[in-house]
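Position 1 is the first residue of the sequence; numbering continues from there. Both counts, for ligands and for their atoms, begin at 1 and track the order of listing. The figures here come from the full heavy-atom set of this structure, side chains too, leaving out hydrogens, waters and symmetry mates. Source: prediction; values computed, not measured.
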Amino acid sequence: MLPSSNISLQPYHSFASQEEASYFSKISDKQEIVAIVKWSKEKQLPILVIGSGTNILFTKNFEGLIAKIELMGVKKIEETASEVILEVGAGENWHHFVSYCVYKGWGGIENLSLIPGTVGASPIQNIGAYGVEVQECIKSIEAYDTLSENWVHLNNADCAFGYRTSIFKQNPNRFIIASVKFLLNKQPQLKTDYGVIREVLHDKNIKNPSLEDISNAIIQIRSQKLPDPKVLGNAGSFFKNPTILFNQYELLKEKFPNLIAYPISDKAYKVAAGWLLEACGWKGIRNGNVGCYEKQSLVIVSYGIVSGKEVYDFSETIIQSIKSKFDILLEREVTVI
Ligand SMILES: Cc1cc2nc3c(=O)[nH]c(=O)nc-3n(C[C@H](O)[C@H](O)[C@H](O)COP(=O)(O)OP(=O)(O)OC[C@H]3O[C@@H](n4cnc5c(N)ncnc54)[C@H](O)[C@@H]3O)c2cc1C
């Protein structure tokens, strides 16, 4: 199928700004992936693959082909008394997949309930929430390598997963993910370490939570805390939690005793980016139609029509203010185009 030309990207990403793509195509089978890669190479145009566009900021028109991945299907590959392996199409909705697993009693990804987006995008930044990262349940990934023009199967170790990163994030646009294999547990160890999860379970008087109880608790917490992208444009947490060395941590802790940070090794600390923003007074601050969400400063929201460039410039002002107050350089979590 030939791509359509000069398409508004507004319906295809959660900031819903009005940039355009020169070409746009929906991909619903693997052969189409091979075909669009060939087509764009012949035309010497870049390709950008998207899922639901909930982690992308377009700051300008995209002079190339946007391929929206819609490969579907959930297939059981293997099942034992304790585990199940599922192969899932990259275009499946992430939360629907989580809900299906919770319903079946297959554990591992219930703490990632209600994260927007597709299954195929979940490994890109190794989505994580409430003490769980998706890498913990990924067995392997099938992707088209646009460099070698071959299909590849990457095992978990090949994916170089880290905090909000992976081989895919480090090599943007090289791999087009078609499906992900998940290994889930039929006798799961529930992760309820987060105080806020325990509070919800306590309020509901749940002493022996099921997968469904955990998932429902997380849905409740997230619904109260995070803006719905259908109402206020956003891409979730805009910045990553930065890592600082022990010496800098000691100095900052002395100056700012309330600093929220936790050790990740004997030399380094991870700092809560949300705390840094709040300490600089960003919570609820608005500039025109762009601002920091009133309940969660880490989420930049659009209150009306904005360009991606306005959002980007707002985030740049935040980065500069954090740099000058704490000497910490924030990194954007969102993919900026
Ligand atoms: C309200 C809200 C809350 C959020 N909460 C969280 C959270 O708790 N934790 C978290 O980790 N993230 C969170 N996010 C971010 C986002 O939901 C995830 O990053 C999600 O995985 C993005 O999925 P998507 O399909 O929308 O990807 P897109 O935004 O479409 O794409 C994201 C990146 O992945 C690439 N990509 C997408 N699909 C493919 C594919 N098939 N093959 C190769 N590359 C691909 C794109 O090129 C792009 O670089 C949140 C976002 C919002 C709006």
N or O contacts of ligand 1 with protein under 3.5 Å, please list pair by pair.
unit_1	atom_1	unit_2	atom_2	d
ligand 1	5 (N)	R222	NH2	2.7
ligand 1	8 (O)	R222	NH1	3.0
ligand 1	8 (O)	R222	NH2	3.3
ligand 1	9 (N)	G128	O	2.8
ligand 1	11 (O)	Q125	NE2	3.2
ligand 1	11 (O)	G128	N	3.1
ligand 1	12 (N)	Q125	NE2	3.1
ligand 1	17 (O)	T54	OG1	3.2
ligand 1	17 (O)	P116	O	2.7
ligand 1	19 (O)	N55	ND2	3.2
ligand 1	19 (O)	Q125	NE2	3.0
ligand 1	25 (O)	S52	N	2.9
ligand 1	25 (O)	T118	N	2.9
ligand 1	25 (O)	T118	OG1	2.7
ligand 1	26 (O)	S52	N	3.3
ligand 1	26 (O)	G53	N	3.1
ligand 1	26 (O)	T54	N	2.8
ligand 1	26 (O)	T54	OG1	2.7
ligand 1	29 (O)	T54	N	3.0
ligand 1	29 (O)	N55	N	2.8
ligand 1	30 (O)	G51	N	2.7
ligand 1	30 (O)	G53	N	2.8
ligand 1	41 (N)	I177	O	3.1
ligand 1	42 (N)	I177	N	2.9
ligand 1	47 (O)	V49	O	2.6
ligand 1	49 (O)	T335	OG1	3.2

Please indicate whether E79 has more than 12 foreign heavy atoms, meaning atoms of other residues, nucleotides or ligands, lying under 6.0 Å from its CD. yes

Between D145 (side chain) and F175 (backbone), is there a donor-acceptor pair under 3.5 Å? no

Just grab all the side-chain hydrogen bond (donor to acceptor under 3.5 Å, both in side chains) pairs involving residues 190-215, residues at least two apart or on different chains. S113-S215, E136-K191, K204-Q220, N205-K207, S210-D213

Using the side-chain hydrogen bond (donor to acceptor under 3.5 Å, both in side chains) rule, collect all pairs that involve residues 313-328, keeping only residues at least two apart or in two chains. W282-S321, K309-D313, S315-R332, E316-Q320, E316-R332, K323-D327

Got a second to check how far R222's CZ is from K225's NZ, nearest 0.5 Å? 7.5 Å

Which pairs, with at least one residue in residues 243-267 and sequence neighbours excluded, count as a salt bridge (charged side-chain N to carboxylate O under 4.0 Å, His left out)? none

